[in-house]
Amino acid sequence: MLGIQEVARQLDVTMRTLRFYEDKGLIAPQRVGTTRIYSRREIARMRLILRGKRLGFSIREIKEFLDLYDVDPEHVAQARQLLMKIGERVSALRKQKRAIDQTLEELRLLERQALTLIDGAATARNDDENKHDD
DNA sequence: ATTCTTACA
DNA sequence: TGTAAGTA
């Protein structure tokens, strides 16, 4: 059983973050008076929470997953839901990627046009100087 | 000195 | 989430 400070250090998060996820109902550390005491289970849940966050899942989705983790010992329902969520996440990321690719193409086009404009102006200037040489 | 809650950014 | 304020 560890204090909030130690847990925060181990997970590399702030105490604020631990209280935040508790407030969202993702973890429920024991209490000694008002002071929070974290068990091995809370720490394990926090690791899952942090990973879910890294993968881009919402707090709500992570909570749903965690809730199922408790009821279904075999984790079958979890696996199914996870599979569905992964599919959604992959689709969302692919959609974002398409948008990014489109933006990149547009920027490259604009870049070429800008370069052409600059090059064209320089060429015109040189031609003008040549006329004076005549 | 530490932790907690609440509220605002 | 960070930070500040006022407690226990």
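When reading the values below, keep in mind they use all heavy atoms of this one structure, side chains included, and skip hydrogens, waters and symmetry mates. Sequence lines set the chain letters: A, B, ... in the order given, protein chains first and strands last, and positions in each chain run from 1.
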With A:Phe20 as partner, the option from A:Ile59, A:Thr14, A:Val13, A:Leu26 fulfilling side-chain contact (heavy atoms from CB on, under 4.5 Å) is A:Ile59
Whole-Å distance, A:Tyr21 OH to C:dG2 P, equals 10 Å
Applying side chain to side chain contact (heavy atoms under 4.5 Å, CB included) to A:Arg19 and not counting sequence neighbours gives A:Ile4, A:Met15, A:Arg36
Expected list for residues 1-13 of chain A near DNA chain C, using heavy atoms below 4.0 Å, is none
Within residues 30-41 of chain A, the residues having a heavy atom closer than 4.0 Å to DNA chain B are A:Arg31, A:Thr34, A:Thr35, A:Arg36
A:Arg41 meets the side-chain hydrogen bond (donor to acceptor under 3.5 Å, both in side chains) criterion, sequence neighbours left out, with A:Asp70
DNA chain C in dot-bracket form (Watson-Crick or G-U pairs under 3.5 Å, [ ] crossing, | inter-strand) is ||||||.|
Bounded by its outermost nucleotides with an atom under 4.0 Å from a heavy atom of chain A, the footprint on DNA chain B reads B:dT2 to B:dA7
Set out, line by line, the N/O atom pairs under 3.5 Å between protein and nucleotides 3-7 of chain C.
unit_1	atom_1	unit_2	atom_2	d
C:dT3	O4	A:Arg16	NE	3.1

NZ (A:Lys63) and OH (A:Tyr21) are apart, to the nearest 0.5 Å, by 14.0 Å
- request: Using a cut-off of 6.0 Å, state whether more than 12 heavy atoms not belonging to A:Glu106 lie near its atom CD.
  value: no
The ring pair (Phe, Tyr, Trp, His ring centres under 6.0 Å) partners of A:Tyr69 (sequence neighbours excluded) come to A:His75
Contacts satisfying salt bridge (charged side-chain N to carboxylate O under 4.0 Å, His left out) that involve residues 2-14 of chain A (not counting sequence neighbours) are A:Glu6-A:Arg9
Value for CG (A:Leu104) from CD (A:Glu111), rounded to nearest 0.5 Å, stands at 10.5 Å
Worksheet item: Would a hydrophobic clustering, with Ile, Leu, Val, Met, Phe, Trp and Tyr connected at side-chain separations under 4.5 Å, put A:Ile86 with A:Leu93?
Response: no
Quick check: is A:Met46 connected to A:Met1 through a chain of hydrophobic side chains (ILVMFWY, heavy atoms under 4.5 Å apart)? no
Value for CG (A:Leu55) from NZ (A:Lys85), rounded to nearest 0.5 Å, stands at 14.0 Å
Sorted by number, residues from residues 42-67 of chain A placing a heavy atom under 4.0 Å from DNA chain C are A:Lys53
Sequence neighbours excluded, the answer for salt bridge (charged side-chain N to carboxylate O under 4.0 Å, His left out) partners of A:Asp101 is A:Lys97
TODO: Determine, using the 4.5 Å side-chain heavy-atom cutoff (strictly less than), whether A:Leu66 and A:Val7 are members of one ILVMFWY cluster.
DONE: yes
To the nearest 0.5 Å, atom CD of A:Glu64 lies from atom OG of A:Ser58 at 7.0 Å
Contacts satisfying salt bridge (charged side-chain N to carboxylate O under 4.0 Å, His left out) that involve residues 23-35 of chain A (not counting sequence neighbours) are A:Glu22-A:Arg31
In this structure, are over 12 heavy atoms from other groups packed under 6.0 Å from A:Arg47 atom CZ? no
Legend entry - Contact check, side chains of A:Ile62 and A:Leu48, non-hydrogen atoms, under 4.5 Å: no
